[in-house]
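Structure first, then comments.
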Amino acid sequence: MAATSGATFAATRTESPKASSERSAALILAALALPGILPAAALAQSAPDERVIALRYYDYRDWQPGVDRMSVKSPSLYAFVPLSDSLTVEGSLVYDSVSGASPLYHDAVSGASGRGIGDYRSAADAKVTKYFGGSSLAVGAAYSHEQDYISRAASVEWRTWSDDRNRTYAIGFGAAKDRINAVEGVNAPVLDQPRETYDYLLGITQVLDAASVVESSVTWSDGRGYFSDPYKLHDARPNHRRIFAWLTHYNRYFAAPGATLQLGYRYLDDSFGDRSHMLEASWVQALPYGLTLTPTIRYLTQAAAHFYRDPPFPQGFVPGGLYTADERLSAFGAVTLGLRVAKELPHRLTIDVAFNAYRQRGDWRLGGDGSPGLAKLSARWIEFGLAKRF
Amino acid sequence: MASVHEIHLCGTDRAHAERAAHDAIADVKRIEAKYSRYRDDSITSAINRAAGYEAVAIDDETASLLRYADRCHALSNGSFDITSGVLRRVWDFKRQPPRVPSQDEIDALRPLIGWQHVEWSDDHVRLPERGMELDFGGIGKEYAADRAATICRERGIAHALVNLGGDVRAIGSRADGSPWRIGIRHPRNADATIATITLDDEAVATSGDYERYFELDGCRYCHLLDPRTGMPADHWQSASVVAPLAILAGSYATIAMLACDRAPAFLRAQRVRFLLVDKEGAQIASH
C-alpha cells in the first residue's frame, strides 16, 4: 500500500515549487478567513458586552488636634450598559452631605464659617461611547449642584488602538461652566460669579509584555473666573488658573504570588504656584476564597501657592491684593495609607471595603521647606462597594 | 468529539475567567452540534441526506469551512478529502475479529469519494452521488479550538490554553511570561511522552496511528485513510505539528501522515515546527 500512495505522490513531484507555495498561502488565507479566527480587534473594535451596576458609600472625615473639621457622607450609584456591539452608555449619580466646618483661615475653625462649602451636593454624569473599527468616541456630560454652586460640564474623548491592541492613543477635550452664588460669603456676598474651564488630554497606553502595561497622559486645564473661597476671610485668588499635569501608571503582574504591582506618579504644575509630585504604590494580592487584598501607600509633596501667607493670620494680607490662608495651598508633605479588601461572591457579585488614613505635615515636604505654623491635618475615609455584573 | 476538552485561563480574576470560559465552551458545543455527523439536526447530516438530490443552502461559516477544506485538498494533492469518510463503511475498526476489506469493496466506494466532484458555492453545496458524505471531523475540532481561543482573547484573557482532545491552542505565554510546555504522547505508550514542545501564541496538533486501529497478521491498520487508495496511512506512527492556528496544525499533521516519505519536505515547505515518528519509532524533527 505504501508503494501505491507513494506512487500517487510521485506523480505530483513535477509541480513547480511556486505552485506549491501558492497552495500553502491559499490554505493559510482560507484559515484566516474562517469566522472568529482573528480577534475582532484586528477587524473592528467591539464594545464591552458586560452590564455593571455598582453601589458605593464613601465616608470622609478630617480633623486637627482637638478639633473636628469636615465630614462628608456620600452614597453613589453607577451603571454601565452595552446597548449594542458597538455602543455603550454609562452614568452615575452621587449625593454628598457635608457637615462640620472648613477653617475660617489657616486652621481656626470658627462658628461663623460653619457653612463650609455647602450642606449637600448632588451630581450626575453620563457618557456614551461608540466603537468603530479600531477606535472609539466617547461623549460625556456632567451636572453638579450645591446650595451655592452649579457646574455643567461636557467632554469628548477619542481613542484608537494599534491592530494588535498593544498600544492605545487617547485625545480628549472637556469644558465646564460653573456658577458661584455664596450669599453668605464671609467677605461679601458672592453673587452669580462665573467660572469657565477647558481641559485637554493626550494619553498613550502601551502593553510592554504579557505581564506589564504602562499608561501615560498629560492634561492641560485652563480656567477663568472666580476661584476664591467665599467662606475664608480675605481669600482672594487669581481669576486665571492653568494646570498642567503628567500622570504615569505602570502595572506589572507577578504570577508566582498571583499579584499585581501598581506604581503611579503624578506631576502637577499649577499657575497658582502649588506645584506637586505624587508617588503611589499598590500591591493587589489575590488570595483564596475569591479575596483580594490591596495595600496602598501614597506620598505627596507640594509647594505653596505664591499668594499663600503663613500664620499668624492675617500677616501679609494687603487689601486689594491676592491672599489665601487655605492650608490646602500651603507647602507640605502628605502620606496616605490605604487597605482595600474585596471579595467575589456567587452570582457575579463583588463586595469591597477600603480604609484610608491621611496625614499632612509642613515638615514632611521634600524638595523645599514646608509652611510653618500650621496645625497637623489628618483625614480618613472609608468606602463600601457592591458591584453586580451580568 | 468524544475526548478530553479543557481550557486553562490565568492571569485574571476568577469571575472574568469563568465568563470567558463559559462563552468559549458554549461556542465549542455550538460547533460540535452544527457539524456533527452523528446528529440528525446538524448541517452535515442535512447535506449528506440530500446527496444525489438537491443542493443545500449553507451559511457563511459553513462556506468558509468548505473553502478551507478545498484549499487543503489542493495542497495535499487530494489526500486530505472531506468526502473520504464513506471508507468507514468498509473499514470497521471496532469489528471483532478484524478484517481488511477487499479491493472490490474499496473500489465499490470510489464513485462516492472525491472532493473535486462536489458542487459548492458561497451559499449552496450539493453532493452529486447518492451515498456521498461530507465529514467535518478533520477540521471541526481544530476550528473550535481556534475560535475558543479568540473568544477568550476578545474577553481580555492574555494567557490561556485551549485543549480539545489533544489539539492545543495557546493564547499568549504563561502568565509569568514563559512559554507553555506541551508533552507529545508516545505513539506506542499512552502513559509516556516522547518530547516536550513549547508554545507561545501558537497551536500544536498530533495525528497518530494509535487513535483507532486494529492489527492483523503483524500489520497495523489505522483510521487515517488515504482517499486515493482507500488504504490506511502506514508510514508514520505520529505527526505533531506546531502552527499559528490549531486548524492549520491539524491539517498539516493529517497531510503529513498521508504523505509517506514526502512528509518532512512537505512540512519544511510550510515552515512549521514538527516531530515525526516513523514506523520503527525513530524521530524526525524540524530542527
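In the text below, chain A, chain B and the rest are named by the order of the sequence lines, each starting its count at 1.
A:Leu34 places none of its side-chain heavy atoms less than 4.5 Å from the side chain of B:Asp146. Under the 4.5 Å side-chain criterion, counting only non-hydrogen atoms from C-beta, B:Leu245 is not in contact with A:Ile28.
The contact between B:Leu65 and chain A is made by backbone and side chain atoms together, counting heavy-atom distances below 4.5 Å. Contacts of A:Ala26 with chain B are made by both backbone and side-chain atoms, with heavy-atom separations under 4.5 Å.
Applying the side-chain hydrogen bond (donor to acceptor under 3.5 Å, both in side chains) criterion to B:Ser178, with sequence neighbours excluded, gives B:Arg174, B:Asp176. Under the ring pair (Phe, Tyr, Trp, His ring centres under 6.0 Å) criterion, A:Trp158 pairs with no residue at all, not counting sequence neighbours.
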**OP:** Using the side chain to side chain contact (heavy atoms under 4.5 Å, CB included) rule, take A:Glu22 and B:Leu75 through it: C-alpha gap first, then chi angles, then the decisive distance, then the call.
**Re:** CA-CA 9 Å; A:Glu22 279 171 4; B:Leu75 181 65; over 6 Å; no
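Smallest separation of non-hydrogen atoms from A:Ser24 and B:Gln270: OG-OE1, 2.6 Å. Here the closest non-hydrogen pair linking A:Ala30 and B:Arg71 is CB-CG, 3.6 Å. Closest of all the heavy-atom pairs between B:Tyr143 and A:Pro35 is OH-O, 3.1 Å.
The CD1 atom of A:Ile37 lies 8.5 Å from the CG atom of B:Leu248; values are rounded to the nearest 0.5 Å. Annotation: the span from B:His159 atom NE2 to A:Tyr253 atom OH amounts to 7.5 Å, rounded to 0.5 Å.
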